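Reading through the structure tokens given below for one structure.
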Number of protein chains: 2
Amino acid sequence: MPTERTSSGDPAHTLQLLWRGSSPDRRRGPRRGLSIDAVVEAANAIADAEGLDAVTMRRVAKELGVVPMTLYTYVPGKAELLDLMLDTAYARMPRTDTTGQPWRQRVTAVAEENKALFERHPWAAAVSTVRPPLGPGQMSKYEHELSALDGLGLSDVEMDDCLTHLLTFVQACARAVADARAAQHDSALNDQQWWELNAPLLARVLDENAYPTAVRVGAAAGAAHNSAYDPAHAYSFGLQRVLDAFAALIDRSRDAKTSTSQHRHDDIAP
Amino acid sequence: MPTERTSSGDPAHTLQLLWRGSSPDRRRGPRRGLSIDAVVEAANAIADAEGLDAVTMRRVAKELGVVPMTLYTYVPGKAELLDLMLDTAYARMPRTDTTGQPWRQRVTAVAEENKALFERHPWAAAVSTVRPPLGPGQMSKYEHELSALDGLGLSDVEMDDCLTHLLTFVQACARAVADARAAQHDSALNDQQWWELNAPLLARVLDENAYPTAVRVGAAAGAAHNSAYDPAHAYSFGLQRVLDAFAALIDRSRDAKTSTSQHRHDDIAP
DNA sequence: TCTGTACGCTGTACATTGTACGGCGTACAG
DNA sequence: CTGTACGCCGTACAATGTACAGCGTACAGA
């Protein structure tokens, strides 16, 4: 499954599509048979049901009872369609109201919301967001998620840094889940079966004296998770680590504000 | 660029290839003109120079002066070739000896080694490792990296959890770098140019009252990084967070050992 | 009402991918 | 010396995004 990228075309046009700007040109010729929303809707439905690989221009067109090339009168290309799909998914995320709750619960809620996004739309995990879709969905998501980190004594840049760190983590977990599902799909083995098949074969070829720690720890971890990698555990373990890290940063920000020393602690090893 | 997956074929055969097991069968017919090592070497060279997309069976074959189908007498398929490529890259990673140094430096060294791996072989970031290549390279890498987390009072499972958390983080950063490079390549704009082009257009369509925090924080972060996302900063910031998190976990493990209360702290919010 | 034209829609076409299949010739086992 | 296992190769197929050119429609201006 590809790490899909988004719009490489004209930014102004892409933004106009994302914000559903109307082209003020006089309309000539036949009335449009479809709408951008219908195209995005169809693409999202296919992606949800069968994954991003199934979203081909041909397939989306077929779903809409139209020939592939017709889509190009609604969308400049597949990259822009991906932008629109992702922003739509962002727009529809339920946003829990956690005002008044302690920050750990608020941040946990943000993580859970994103985890839920990737469970409902596994394809979204595969899309790179180094150049996020600058649409209303992304904006309202960003606004909502920042509010969980507001009022903790962090600077604006630190708030963004922390959110990025958290979201990167959740997305990485989601990608692992998606990869595991894909691997299962085309090897006809789930992770546990794959591990049960490989572990004894590996043991036979492995020199236990050459890798003592690896053998011991690998066996313990394999036994704990019934596999080489357990995405669900990685998520719950990792989320606690991220929360611990934020706690340390927040404490440090508070200290820096109440004390006279204003130096940053980030770049020095204590 | 695809999130490539690895071997879906016969595990025993794959392991035999990874550990360079010799097939004891009597040799009949013409002598082999190539070797597995040569094939993997050629594939790695192409991937290093031009990215994983350039690694096609046709291209590897051409590099070896051979017709594409010939490769299939050395390797069952492309997935297995990827396994071999990755394990080879793992095997060649320089492993810094940090015995005796404080754990933060040891863990930082592990992170840096992996960061260096992904800088030297950017394609490696795109390969999923939920089913890692169970070869000598992976094993010796695992052994080496675990040693940085040994003797800190963590359980075997926690050591594996922490290492997974760290490596997931570094790989996520590397994927972001790779995605940024790919986006730059086929949009002819680097991240800064893309941001400078989009920011004013976005400002025109954006209602500042609807997204007050997003606009403020986004502007601060954008100004700090000259872009929507700065991979280098995300790495250095995130690594400090991961170290802080490990510190908290280690402290807690020490406390749990010295106190009589043996309950786990992980699953409860303090 | 008539006509020119902008525009929605479509059919064909191309280069590229991994790899299944069958044929050809070689070099060793007996 | 001969049969056969095996290395190597040429062709073929289905699937992808999308460029290009043609066709017909419905509105603007007369």
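Sequence lines set the chain letters: A, B, ... in the order given, protein chains first and strands last, and positions in each chain run from 1. As the structure is a prediction and not an experimental result, all values here were calculated from the model.
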When you look at B:Asp53 and B:Trp123, which way does the side chain to side chain contact (heavy atoms under 4.5 Å, CB included) test go after all the steps? CA-CA 9 Å; B:Asp53 285 349; B:Trp123 54 269; over 6 Å; no
I'd like a table of donor-acceptor pairs (distance under 3.5 Å, sequence neighbours excluded) in which one partner is a side-chain atom from residues 226-233 of chain A, with atom names and distances.
unit_1	atom_1	unit_2	atom_2	d
A:Ser227	OG	A:Tyr229	N	2.8
A:Ser227	OG	A:Tyr229	O	2.7
A:Asp230	OD1	A:Ala232	N	3.2
A:Asp230	OD1	A:His233	N	3.4
A:His233	NE2	B:Asp161	OD1	3.0
A:His233	NE2	B:Asp161	OD2	2.8

For residues A:Glu80 and A:His13, is any side-chain donor paired with an opposing acceptor at under 3.5 Å? no
For D:dA21, give the paired nucleotide (Watson-Crick: N1-N3 plus N6-O4 or O6-N4; G-U: N1-O2 and O6-N3; both under 3.5 Å), or none. C:dT10
Going through the checks in order, is the salt bridge (charged side-chain N to carboxylate O under 4.0 Å, His left out) test met by A:Arg131 and B:Asp191? CA-CA 8 Å; A:Arg131 299 190 183 180; B:Asp191 282 352; 3.0 Å; yes
Does a nitrogen or oxygen in the side chain of A:Tyr74 sit under 4.0 Å from OP1 or OP2 of C:dC9? yes
Under a 3.5 Å limit for both distances, which nucleotide forms a Watson-Crick or G-U wobble pair with C:dA29, could you say? D:dT2
What's the separation between atom CE in B:Met93 and atom CD in B:Glu145, rounded to the nearest 0.5 Å? 5.5 Å
What does the B/S/- profile of nucleotides 10-20 of chain C look like, 5' to 3', with a 4.0 Å heavy-atom cutoff to protein? BB-B---BBBB
Over how many whole Å does the gap from A:Ile36 atom CD1 to C:dG8 atom C1' extend? 14 Å
Establish, with yes or no, whether the OP1 or OP2 oxygen of D:dC8 is under 4.0 angstrom from a side-chain nitrogen or oxygen of B:Arg31. no
Between A:Arg59 (CZ) and D:dG17 (P), how many Å, whole number? 12 Å
Nearest-0.5 Å distance that lies between atom CG in B:Leu202 and atom CG in B:Asn198: 7.5 Å
